[in-house]
Amino acid sequence: MTREENDKRLAYLKGIVSRLPEKPGSYQFYDEAHIIIYVGKAKSLKARVSSYFHTEVDRYKTKVLVSKIFDISYTVVNTEEDALLLENALIKKYNPRYNVLLKDGKTYPSICVTNEFFPRIFKTRTINKKWGTYFGPYSHIGSMNAVLAIIKELYKPRTCRFPITKEGVESGKYKVCLDYHIKRCNGPCMGKQSYEAYQKNIQQAREILKGNTRQILREMRDEMEHLAEELRFEEAEEIKQRYIALEGFVSRSEVVSHTINNVDVFSITSDEKMAYINYMHVNNGSINQSFTIEYKKRLDESDEEILQLGIVELRERFKSDAKEIVVPQEVDVALENVKFTIPKLGDKKTLLELSVMNGKQYKMDRLKQAEKLNPEQKQVRLMKELQDKLHLPTLPYQIECFDNSNISGTDAVAACVVFKKMKPSKKDYKHYNIKTVVGPDDYASMKEVVHRRYTRLIEEDQPLPNLIIADGGKGQMEVIREVIQDELNLDIPIAGLAKDDRHRTNELLYGFPPMKIALKVDSELFHVLTQIQDEVHRFAITFHRDKRSKRALHSELEEIKGIGPKTRDLLLEKLKSVKRIKEATESEIATIIGAAKAKIILEHFHSQETTAIKH
C-alpha cells in the first residue's frame with residue numbers, strides 16, 4: 001500500500017468515526033476483504049473507536065490491528081450490559097482474528113436426568129437436550145461422582161435402559177433385575193415402587209443437583225415429623241436414615257456458611273499469552289458448579305477486559321440468574337439487577353480464594369499436558385523462570401557448576417558439570433587434578449580450576465556459560481567472581497547454592513553482595529538446581545575415589561623391583577586389580593608382559609605369602 005493509499009484509508013475511517021454516536025454499543029472492524037477482524041464494545045462508541053486512531057497509541061499489536069482496518073460498522077444498544085452481550089455473541093459467531101480466542105480444552109462430563117416415564121440419572125459427555133435435563137459440566141470428576149453416589153444411595157434411580165412405559169408396567173411386561181435383589185433399585189418396573197414416589201425422588205435429586213440440599217433437608221425433616229405423628233415409625237426411620245446420609249454429604253461439601261445463597265464467584269489467572277477464568281456457583285453455602293475456561297490473548301488484553309467476557313460467557317452457558325457476583329477486582333460493566341462484590345474478609349473472601357486456587361490448578365494441569373506432548377516446553381519454562389528470578393540478561397541455556405574433593409589435601413581434584421536446556425550434557429563434563437595447591441585449601445583449588453576452565457574456553461573460542469553455579473555459599477561465589485570478573489574480565493552471572501546445618505540445600509544466592517532468592521524448596525526449579533548440585537558432587541567424588549584407588553594399586557605394585565610404570569599400567573589395564581593379578585597364573589601374566597617379568601611378579605607375591613604365614 002502506497003502512502004497516498006494509506007492516507008486515503010485513514011481519512012475514510014476517521015470520517016466514519018466522526019459520525020459515531022456517543023451511545024453504548026458494539027463495533028466491528030473489517031479488513032481489505034471485508035472480513036470482520038475485531039469486535040469490541042463501548043460505553044460511548046465515538047470515544048472508544050476514536051482512541052484507536054490517536055497518534056499516541058503505543059501498543060504495537062494495536063498499531064498492527066489499525067493498519068489492517070479498511071471499514072467500520074457498529075450497532076447501538078440501550079445499556080452497557082447489552083453491549084457486552086452483543087460483543088460476546090459476535091466474537092463467538094465470527095471468531096475474529098484479533099479478538100481473544102475462547103478455548104475449551106476438552107469436553108467435561110455432565111449429569112443427565114432423562115425425560116423417560118421412569119427417569120434415569122447418569123454421567124455423560126454427549127449433550128442432547130431432547131433426551132433430558134443436563135447438570136454440569138463438571139471439571140472436577142470427584143465432585144460429580146460424589147453427587148451421583150449420594151443420589152444413588154438416597155433415591156435408587158433405575159439403571160436399566162429398557163424403554164419402560166405406563167402400559168408395560170400395568171400389563172406386567174417387565175421383570176425386576178439384579179439391582180432390585182441387591183437393594184439398588186426399588187422395582188418401579190413391576191409396580192413395587194409407585195410412579196408418584198419415584199417422581200418425588202427424582203424431583204429431590206434434581207434439587208440436589210441444583211445445590212438446594214438445605215431445602216431437601218427441611219422437607220425431609222418435615223416429612224419425618226409428620227410420619228412420626230401418624231405413628232408410622234418404620235417409614236419415619238427410613239426418612240431419618242436418608243436425612244442422616246444427606247446431612248453428612250452436605251457437611252462435607254459445604255464450603256462456607258449456608259446463608260450464602262445463589263452467588264456467582266469469578267477469578268482470573270493470566271500470563272503473557274493466556275488467561276484462565278474460573279467460575280463457581282454457590283447455593284446454600286455449597287458449590288454446585290465449578291468450571292474453568294481459557295482465552296488466548298491476541299492484543300495484550302487486560303485482565304479486566306477478559307474477565308468481562310468470561311462473566312458473560314459463563315453465566316450464559318450455565319444459565320445463572322445469581323443477583324450477586326464475587327470478583328477479585330473492579331469490573332467496568334453494569335449488569336441489570338446484579339451486585340458486584342470484591343470481598344476483603346469472611347466467607348466470600350474464602351470462596352474467592354478457592355476460585356483462584358482452582359484457576360491456578362487448571363493452568364498447571366494444562367501446562368503439564370502441553371509439556372508431556374512437547375518436553376522442550378518444560379525446559380524453556382524452567383529457564384525462563386530462573387531468568388526472571390535472577391533477572392538474567394539471557395536465558396540460562398548453558399549452566400556450569402564446580403565442586404572440589406579431597407581428603408586432608410591428598411589426591412585433590414575438582415569437577416565441572418554442564419547442563420544445557422536444564423538437562424545434563426555429560427559429554428561436556430570435565431574433571432581436574434589440582435596442580436598448584438598444597439594442602440586442603442578449597443578456595444585456592446576452586447580459583448585454579450575456574451581459571452583453567454575459562455582460559456581454555458576463551459583460547460579455543462568455545463561458548464561460555466550463561467550462568468555459573470557455585471556448590472557452596474558466599475565464599476565460593478566470591479572466589480569465582482574474582483577469577484571471572486577481576487582476572488578474566490568476563491561478564492558471566494554467578495549464583496550459589498548454600499546448605500543448612502544438616503548439609504541439605506536450602507537457599508539460592510545471587511548478586512554481590514550475595515542475596516537470598518525467594519524460591520520454594522518443593523518447586524520444580526529448585527529440584528533442577530539441586531540436581532545440578534548433586535550431579536557435580538557425584539562426579540567429583542567418583543573421580544576422587546578412582547584416583548585414590550589407582551594410587552593404592554600403583555603403590556603396591558611399585559614395591560616390585562624390576563617392574564616399571566608402563567608394565568604396572570599394562571597389568572592394571574588388563575587385569576583391573578591387584579587381587580586378580582595375584583590370582584592369575586604365570587602363563588596368563590606372561591601373555592601380557594612376557595615370561596621374565598611374569599616370573600618376577602609371581603616370586604614377589606609368593607614371598608609376601610610366605611612372610612605372612614611365618615608371622
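Along the sequence shown, residues are numbered consecutively beginning with 1.
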Where Ile532 and Cys401 come nearest, the two heavy atoms and their spacing: CG2-CB, 3.6 Å
Pairwise distance CD1(Ile311) to CD1(Ile306) - rounded to 0.5 angstrom: 12.0 Å
Verdict with reasoning, Arg538 to Glu535, per side chain to side chain contact (heavy atoms under 4.5 Å, CB included): CA-CA 5 Å; Arg538 178 199 65 78; Glu535 183 69 356; 2.9 Å; yes
Heavy-atom side-chain proximity of Leu13 to Ile69 below 4.5 angstrom: yes
Give the minimum heavy-atom separation between Lys61 and Leu299, together with the two atoms involved. O-CD2, 3.4 Å
Should we count CD of Glu4 as having more than 12 external heavy atoms under 6.0 Å? no
On the 0 to 90° scale, with breaks at 30° and 60°, tag the Phe266-Tyr279 ring pair as parallel, tilted or perpendicular. tilted
Pro96 versus Arg298: any side-chain heavy-atom pair under 4.5 Å? no
With no hydrogens and no angle check, is any side-chain donor or acceptor of Asn358 less than 3.5 Å from a backbone partner on Leu354? yes
Minimum-distance pair of heavy atoms, taken over all atoms of Asn466 and Tyr397: OD1-N, 3.2 Å
Counting heavy atoms not belonging to Lys423, are there more than 12 under 6.0 Å from its NZ? no
Rounded to the nearest 0.5 Å, what separates atom CZ in Phe419 from atom NZ in Lys426? 8.5 Å
In this structure, are over 12 heavy atoms from other groups packed under 6.0 Å from Asp491 atom CG? no
Derivation of the side chain to side chain contact (heavy atoms under 4.5 Å, CB included) call for Leu101 and Asn95: CA-CA 7 Å; Leu101 174 64; Asn95 191 20; 3.3 Å; yes
Please check if the side chain of Thr591 supplies one atom and the backbone of Glu588 the other of a donor-acceptor pair under 3.5 Å. yes
Establish, from distance only, whether the side-chain atoms of Ser267 and Asn278 form a donor-acceptor pair under 3.5 Å. no
Minimum side-chain heavy-atom gap Tyr429-Pro424 below 4.5 Å: yes
Of all heavy-atom pairs between Gln329 and Ile268, which one has the smallest distance, and what is that distance? OE1-CG2, 4.3 Å
Would you check if Val418 and Lys430 make a side-chain contact, meaning some heavy-atom pair closer than 4.5 Å? no
Starting at NE2 of His451, measure out to CG of Leu488 and round the result to the nearest 0.5 Å. 5.0 Å
CG (Leu10) and CZ (Phe70) are apart, to the nearest 0.5 Å, by 9.5 Å
Determine, step by step, whether Lys297 and Met274 satisfy the side chain to side chain contact (heavy atoms under 4.5 Å, CB included) criterion, reporting the C-alpha distance in whole Å, the side-chain angles of both residues, the deciding distance to 0.1 Å, and the verdict. CA-CA 6 Å; Lys297 296 181 180 179; Met274 303 295 297; over 6 Å; no
Quick one, Pro465 and Ile492 - any side-chain contact, counting heavy atoms below 4.5 Å? yes
Checking ring-ring contact (aromatic ring centres under 6.0 Å, His included) for the pair Phe29/Tyr98: CA distance, chi angles, key distance, verdict? CA-CA 10 Å; Phe29 294 155; Tyr98 291 98; 9.8 Å; no
Within the distance-only criterion (no hydrogens, no angle test), does the side chain of Lys597 pair as donor or acceptor with the backbone N or O of Ile589 below 3.5 angstrom? no
Hey, is Lys420 close enough to Asp428 for a salt bridge, meaning N to O under 4.0 Å? yes
Can you tell me how far CE of Met446 sits from CD of Gln476, rounded to the nearest 0.5 angstrom? 4.0 Å
Report the distance from atom CG of Leu497 to atom CD of Gln533, rounding to the nearest 0.5 Å. 4.5 Å
Taking Arg481 first and then Glu478, would you say they form a salt bridge - that is, a charged N and a carboxylate O separated by under 4.0 Å? yes
Is the shortest heavy-atom distance from the side chain of Arg453 to the side chain of Tyr432 under 4.5 Å? yes
Heavy-atom closest pair, residues Val536 and Phe402: CG2-C, 3.8 Å
Classify the side-chain pair Arg9/Asn6 by whether it contains a donor and acceptor separated by less than 3.5 Å. yes
Can you tell me if CD on Glu330 sees more than 12 non-hydrogen neighbours from other groups inside 6.0 Å? no
Shortest non-hydrogen separation from Val265 to Leu351 and the atoms involved: CG1-O, 4.0 Å
Close side-chain approach of Leu508 to Leu525, heavy-atom, < 4.5 Å: no
Start with the C-alpha distance between Glu400 and Tyr454, add both sets of side-chain angles, then the distance that settles side-chain hydrogen bond (donor to acceptor under 3.5 Å, both in side chains), and finish with yes or no. CA-CA 11 Å; Glu400 298 188 357; Tyr454 296 113; 2.7 Å; yes
Tell me, yes or no, whether the heavy-atom count around Glu32 atom CD, taken from other residues, nucleotides or ligands under 6.0 Å, exceeds 12. no
Under the side chain to side chain contact (heavy atoms under 4.5 Å, CB included) rule, what do Leu386 and Leu467 come out as? Steps first, then yes or no, please. CA-CA 10 Å; Leu386 184 56; Leu467 177 67; 3.9 Å; yes
Check against salt bridge (Lys or Arg N to Asp or Glu O under 4.0 Å), Arg456 and Glu459: CA-CA 5 Å; Arg456 181 163 184 172; Glu459 289 173 353; over 6 Å; no
Qualifying residue, where the test is side-chain contact (heavy atoms from CB on, under 4.5 Å) with Pro396 and the options are Lys421, Lys384, Gln387: Gln387
Check whether any side-chain N or O of Thr530 sits under 3.5 Å from a backbone N or O of Phe526 as a donor-acceptor pair, and report yes or no. yes
With side chains defined as the heavy atoms from C-beta onward, is the minimum distance between Gln308 and Asn88 less than 4.5 Å? no
